[in-house]
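So that the names make sense, note that chain A is the first sequence line, chain B the second, and so on, each numbered from 1.
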Number of protein chains: 2
Amino acid sequence: MEKRYKIGEFGKLVGLTTPTLRYYESEGLIVSQRDDNGNRYYTDQDVKWLGFLLHLKGTGMSLNDIKRYVQLRAQGDGTIPQRRDLLERVREDSLVEIREREANLKVLNHKIDWYAGKLDKTIDENEDFETYLKRFQ
Amino acid sequence: MEKRYKIGEFGKLVGLTTPTLRYYESEGLIVSQRDDNGNRYYTDQDVKWLGFLLHLKGTGMSLNDIKRYVQLRAQGDGTIPQRRDLLERVREDSLVEIREREANLKVLNHKIDWYAGKLDKTIDENEDFETYLKRFQ
DNA sequence: TTAACACTTAAAGTCCACTTTAAGGCAAGC
DNA sequence: GCTTGCCTTAAAGTGGACTTTAAGTGTTAA
């Protein structure tokens with residue numbers, strides 16, 4: 001038979017709190033079934049979906065876009081092109097963000113190096129960071 | 001003489017709205033001087049600082065941590081080690097985040113490929129995404 | 001049998017980073 | 001002189017993603 005996970009157990013499995021899971025359900029990101037006591041339960045299918053959802057979320061995709069994705073999925077295989085397009089847009093945004101972060105991180109690294117140079121006096125006392133930065137442009 | 005920028009001009013220069021600049025000032029992230037009419041003005045020094053602030057922010061550093069940095073800077077060169085430590089922590093966090101994003105993006109890319117395979121029938125109809133993903137592990 | 005613990009709902013609260021609103025002051029140009 | 005457009009302040013509102021609170025029901029273990 002299929003394994004049924006109660007919300008607490010499921011939460012531990014996927015790394016979310018029970019209020020968060022109920023919140024996700026209220027937002028239409030996940031669904032649950034009910035047992036004879038009216039309590040939610042989840043199956044391995046739900047574990048898989050939530051796993052993927054967290055990957056989507058981890059790329060920076062908003063809950064709102066994830067919801068749109070869920071709605072398309074519910075409409076069957078005919079919406080595969082739209083889902084692919086949606087994910088391609090998310091990929092582009094995510095790539096842009098990663099590249100921006102990397103660029104900003106580069107400047108931060110130079111600042112850390114600049115502090116090191118100031119501390120061990122390998123950078124002239126009078127050279128300010130902006131001048132120092134220009135060396136790398 | 002040094003150029004004085006009024007808040008609107010300064011905002012355009014650095015790409016922030018005037019309410020945001022006032023908000024940053026109220027949060028202790030930037031300072032401004034006042035002219036004879038009591039209006040704020042900024043100098044090229046402020047342009048430089050805001051430029052660097054935006055790089056810090058762009059790494060994911062919170063306004064609160066930027067404020068701590070500002071406070072350390074105000075205490076003079078003696079706090080250079082603390083500032084460097086703070087920035088090193090920010091760098092570490094930022095690197096971790098970038099790597100996580102990249103990992104999640106990888107899964108997203110596989111999903112897009114999987115959709116392509118479904119659409120052009122190079123992936124078997126019955127193979128689900130989780131099984132497909134295992135090919136790359 | 002009673003305490004502990006899991007579950008239920010709806011609604012309000014939180015945090016961050018702004019943005020918007022409201023009400024007004026001052027200077028330049030027509 | 002009046003309109004336009006900049007500036008001022010304080011306070012309230014917004015959006016996203018939860019988290020917390022309140023009030024209650026049901027199951028399990030000692």
Side-chain angles (χ1 to χ4, degrees), chain A residues 3-43 46 50 52-71 89-90 93-94 97 100-101 104, chain B residues 3-43 46 50 52-70 90 93-94 97 100-101 104:
Chain A
K3 166 81 174 140
R4 293 183 171 190
Y5 304 95
K6 291 173 119 182
I7 193 166
E9 195 184 0
F10 185 61
K12 269 170 202 159
L13 206 58
V14 300
L16 295 177
T17 66
T18 57
T20 300
L21 287 168
R22 293 195 194 95
Y23 167 69
Y24 278 9
E25 186 172 328
S26 77
E27 291 295 299
L29 306 182
I30 57 177
V31 287
S32 65
Q33 292 168 277
R34 299 291 174 136
D35 65 17
D36 293 343
N37 298 317
N39 288 357
R40 288 173 180 82
Y41 73 85
Y42 304 85
T43 67
D46 300 313
L50 202 40
F52 184 55
L53 185 157
L54 293 178
H55 281 303
L56 292 181
K57 196 165 167 299
T59 65
M61 190 172 179
S62 70
L63 296 194
N64 230 301
D65 277 348
I66 295 175
K67 183 182 181 173
R68 279 205 53 228
Y69 180 82
V70 169
Q71 289 167 345
R89 245 170 292 133
V90 170
D93 293 351
S94 192
E97 260 216 58
E100 281 173 3
R101 287 227 164 183
N104 288 311
Chain B
K3 166 82 174 142
R4 294 183 170 190
Y5 304 95
K6 292 173 116 181
I7 193 167
E9 196 184 359
F10 184 60
K12 269 171 200 157
L13 207 59
V14 300
L16 295 176
T17 66
T18 56
T20 301
L21 287 169
R22 293 194 194 95
Y23 167 68
Y24 279 8
E25 184 171 328
S26 77
E27 291 295 300
L29 307 182
I30 57 178
V31 286
S32 65
Q33 293 167 275
R34 300 289 175 137
D35 64 18
D36 293 344
N37 298 316
N39 289 356
R40 288 174 180 82
Y41 72 84
Y42 303 86
T43 67
D46 300 312
L50 201 41
F52 183 56
L53 185 157
L54 292 178
H55 281 303
L56 292 180
K57 198 167 166 297
T59 65
M61 190 172 179
S62 70
L63 296 194
N64 230 301
D65 277 349
I66 296 175
K67 183 181 180 174
R68 279 205 51 227
Y69 180 82
V70 169
V90 170
D93 293 351
S94 192
E97 260 216 57
E100 281 173 1
R101 287 227 163 184
N104 288 311

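- DNA chain D is contacted by R22(B) of residues 13-28 of chain B, taking any non-hydrogen atom closer than 4.0 Å.
- Taking a heavy-atom distance under 4.0 Å as the criterion, the stretch of DNA chain D touched by chain B extends 5' to 3' from dC7(D) to dT9(D).
- Within the structure, a side-chain polar atom (N or O) of N37(B) is placed less than 4.0 Å from OP1 or OP2 of dA27(C).
- Annotation for R4(A) and Y41(A): closest pair NH2-OH, 3.2 Å, computed over non-hydrogen atoms.
- The backbone N or O of V90(B) lies less than 3.5 Å from no partner atom in the side chain of D93(B), so there is not a single donor-acceptor pair.
- Between L50(A) and L21(A) there is a side-chain heavy-atom pair separated by less than 4.5 Å.
- Applying side-chain contact (heavy atoms from CB on, under 4.5 Å) to Y42(A) and the options L13(A), I7(A), V14(A) leaves one that passes, I7(A).
- When rounded to the nearest whole Å, the span between CG of D36(B) and P of dC26(C) equals 14 Å.
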Problem set entry | R40(B) and R34(B): CA distance, side-chain angles, deciding distance, side chain to side chain contact (heavy atoms under 4.5 Å, CB included) verdict | CA-CA 5 Å; R40(B) 288 174 180 82; R34(B) 300 289 175 137; 3.4 Å; yes
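- For D35(B) (side chain) and N37(B) (main-chain N/O), a donor-acceptor pair under 3.5 Å exists by modelled atom type.
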For this session: Show the numbers, then the answer: is there a side chain to side chain contact (heavy atoms under 4.5 Å, CB included) between T43(A) and Q33(A)?
Result: CA-CA 9 Å; T43(A) 67; Q33(A) 292 168 277; 3.9 Å; yes
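- Of the residues in residues 57-67 of chain B, those with a non-hydrogen atom less than 4.0 angstrom from any atom of DNA chain C are K57(B), S62(B), L63(B).
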Problem set entry | Trace of the side chain to side chain contact (heavy atoms under 4.5 Å, CB included) decision for L63(B) with Y23(B) | CA-CA 11 Å; L63(B) 296 194; Y23(B) 167 68; 3.8 Å; yes
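- Across all non-hydrogen atoms, the minimal contact from S32(A) to E25(A) is OG-OE1, 2.9 Å.
- The distance from atom CG of L53(B) to atom P of dC18(C) is 10 Å, rounded to the nearest whole Å.
- At least one donor-acceptor pair under 3.5 Å links the side chain of S94(A) to the backbone N or O of T59(A).
- The distance from atom CG of N39(B) to atom P of dC26(C) is 10 Å, rounded to the nearest whole Å.
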